[in-house]
Amino acid sequence: EPEVTQTPSHQVTQMGQEVILRCVPISNHLYFYWYRQILGQKVEFLVSFYNNEISEKSEIFDDQFSVERPDGSNFTLKIRSTKLEDSAMYFCASSVMGQGNQPQHFGDGTRLSIL
Amino acid sequence: GENVEQHPSTLSVQEGDSAVIKCTYSDSASNYFPWYKQELGKRPQLIIDIRSNVGEKKDQRIAVTLNKTAKHFSLHITETQPEDSAVYFCAGENDYKLSFGAGTTVTVRA
């Protein structure tokens with residue numbers, strides 16, 4: 001069964017540095033998402049992306065964050081000038097379609113630790 | 001925006017018994033409600049979902065019910081087994097995003 005893959009599985013970064021989290025969505029999926037989960041808390045929506053544009057973003061997704069589809073397979077989340085509170089598990093997800101009740105399939109996540 | 005509330009936060013059941021988790025949502029425009037199971041350190045895994053034009057859906061030992069008028073939906077697991085132990089999240093979809101509940105930690109006692 002096809003899966004969403006994410007790299008790296010764990011990223012440790014000094015506060016103030018930039019990080020790029022990478023995702024390869026399922027190949028026939030058109031909608032891509034990033035979520036984050038702070039330890040012990042609920043999964044929170046960050047951003048959705050379709051046709052090389054952001055479809056929706058949450059209040060968490062401020063100017064510190066950006067997303068990109070640099071080629072036909074990768075989908076990246078960039079966090080500039082990282083802060084301690086950015087430490088979390090970041091999940092990428094993809095779906096065949098967006099609004100229209102299609103299941104979102106999640107990757108294994110990247111655990112981001114900011115020191 | 002959508003606000004999804006989930007209860008209980010923890011649930012301990014004897015193996016073979018049933019488990020029920022309840023969620024409410026605030027935005028009547030939400031029209032798709034998936035349930036995810038997350039084992040420690042793993043990805044959220046979709047286990048069942050329901051769309052707003054359906055009142056109930058069943059898949060083997062798992063069933064979900066939806067009451068659109070009351071804006072609540074529930075997950076029912078029958079004949080629980082030790083491998084059902086995990087954190088379960090409900091969610092509602094609206095405007096290209098999922099809003100998750102806080103999660104229920106289910107422990108099945110052997």
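Just so we're on the same page: letters track the sequence lines, and every chain starts at 1. Bear in mind that the values here come from a model prediction, so they are computed numbers and not experimental data.
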**Request:** Output, in order, the C-alpha distance, side-chain angles, deciding distance and verdict of side-chain contact (heavy atoms from CB on, under 4.5 Å) for A:Q104 and B:Y36.
**Result:** CA-CA 10 Å; A:Q104 293 184 24; B:Y36 287 85; 3.7 Å; yes
**Message:** Report which part of B:V4 has an atom under 4.5 Å of a heavy atom belonging to chain A: side chain, backbone, both, or neither.
**Reply:** backbone
**Request:** Could you tell me which non-hydrogen atom of B:P44 sits nearest to which non-hydrogen atom of A:F106, and how far apart they are?
**Result:** O-CB, 3.6 Å
**Item:** Residues of residues 101-110 of chain B with any heavy atom under 4.5 Å of a heavy atom in chain A
**Value:** B:G101, B:A102
**Message:** Counting only non-hydrogen atoms closer than 4.5 Å, does A:Q37 touch chain B with its backbone (N, CA, C, O), its side chain (CB onward), both, or neither?
**Reply:** side chain
**Request:** Check the hydrophobic clustering (I, L, V, M, F, W, Y; side-chain heavy atoms under 4.5 Å; chains of links allowed) and say if B:F33 and B:I48 are grouped together.
**Result:** yes
**Message:** Heavy-atom count check: over 12 atoms from other residues, nucleotides or ligands less than 6.0 Å from A:E85 CD?
**Reply:** yes
**Prompt:** Which answer fits A:Y50, side chain, backbone, both or neither, if we ask what part of it has an atom under 4.5 Å from a heavy atom of chain B?
**Reply:** neither
**Complete:** When the 4.5 angstrom heavy-atom criterion is applied to B:P34 and chain A, the contacting part is neither
**Asked** Got a sec: does the CD of B:E79 have more than 12 other heavy atoms crowding it under 6.0 Å?
**Response** no
**Prompt:** Is atom CD of B:Q14 surrounded by more than 12 heavy atoms (other residues, nucleotides or ligands) closer than 6.0 Å?
**Reply:** yes
**Asked** Given that the side chain runs from C-beta out, which part of B:K97 has a heavy atom under 4.5 Å from chain A: side chain, backbone, both or neither?
**Response** both
**Prompt:** Are any of the side-chain heavy atoms of A:K42 and B:Q6 separated by less than 4.5 Å?
**Reply:** no
**Message:** Let me confirm one number: the OG-CD distance from A:S95 to B:E93, rounded to the nearest 0.5 Å.
**Reply:** 7.0 Å
**Prompt:** More than 12 non-hydrogen atoms from neighbouring residues, nucleotides or ligands closer than 6.0 Å to CG on A:D63, yes or no?
**Reply:** no
**Asked** Does atom CD of A:Q64 have more than 12 heavy-atom neighbours, drawn from other residues, nucleotides or ligands, at distances under 6.0 Å?
**Response** yes
**Message:** Is B:L98 close to chain A through its backbone or its side chain, or both, or neither, when contacts mean heavy atoms under 4.5 Å?
**Reply:** both
**Request:** Tell me, for B:Q38 versus chain A, whether the close heavy atoms (under 4.5 Å) come from the side chain, the backbone, both or neither.
**Result:** side chain
**Message:** Surrounding CD of B:E83 (heavy atoms of other residues, nucleotides or ligands, distance under 6.0 Å), is the total greater than 12?
**Reply:** yes
**Message:** Could you check whether atom NZ of A:K57 has more than 12 heavy atoms from other residues, nucleotides or ligands sitting under 6.0 Å from it?
**Reply:** no
**Prompt:** Can you get from B:I47 to B:V13 by hopping between Ile, Leu, Val, Met, Phe, Trp and Tyr side chains that sit under 4.5 Å apart?
**Reply:** yes
Donor-acceptor pairs under 3.5 Å, side chain of residues 65-75 of chain B to any protein atom, not counting sequence neighbours: which ones?
from  : atom 1 : to    : atom 2 : distance (Å)
B:N67 : OD1    : B:T69 : N      : 3.1
B:N67 : OD1    : B:A70 : N      : 2.9

**Request:** Please check if A:Y90 and A:V67 belong to a single hydrophobic cluster, counting links between Ile, Leu, Val, Met, Phe, Trp and Tyr side chain heavy atoms closer than 4.5 Å.
**Result:** yes
**Message:** Tell me the closest heavy-atom pair linking A:G107 and B:R43, and the distance in Å.
**Reply:** O-CB, 2.9 Å
**Asked** More than 12 heavy atoms of other residues, nucleotides or ligands under 6.0 Å from CG of A:L115: is that the case?
**Response** yes
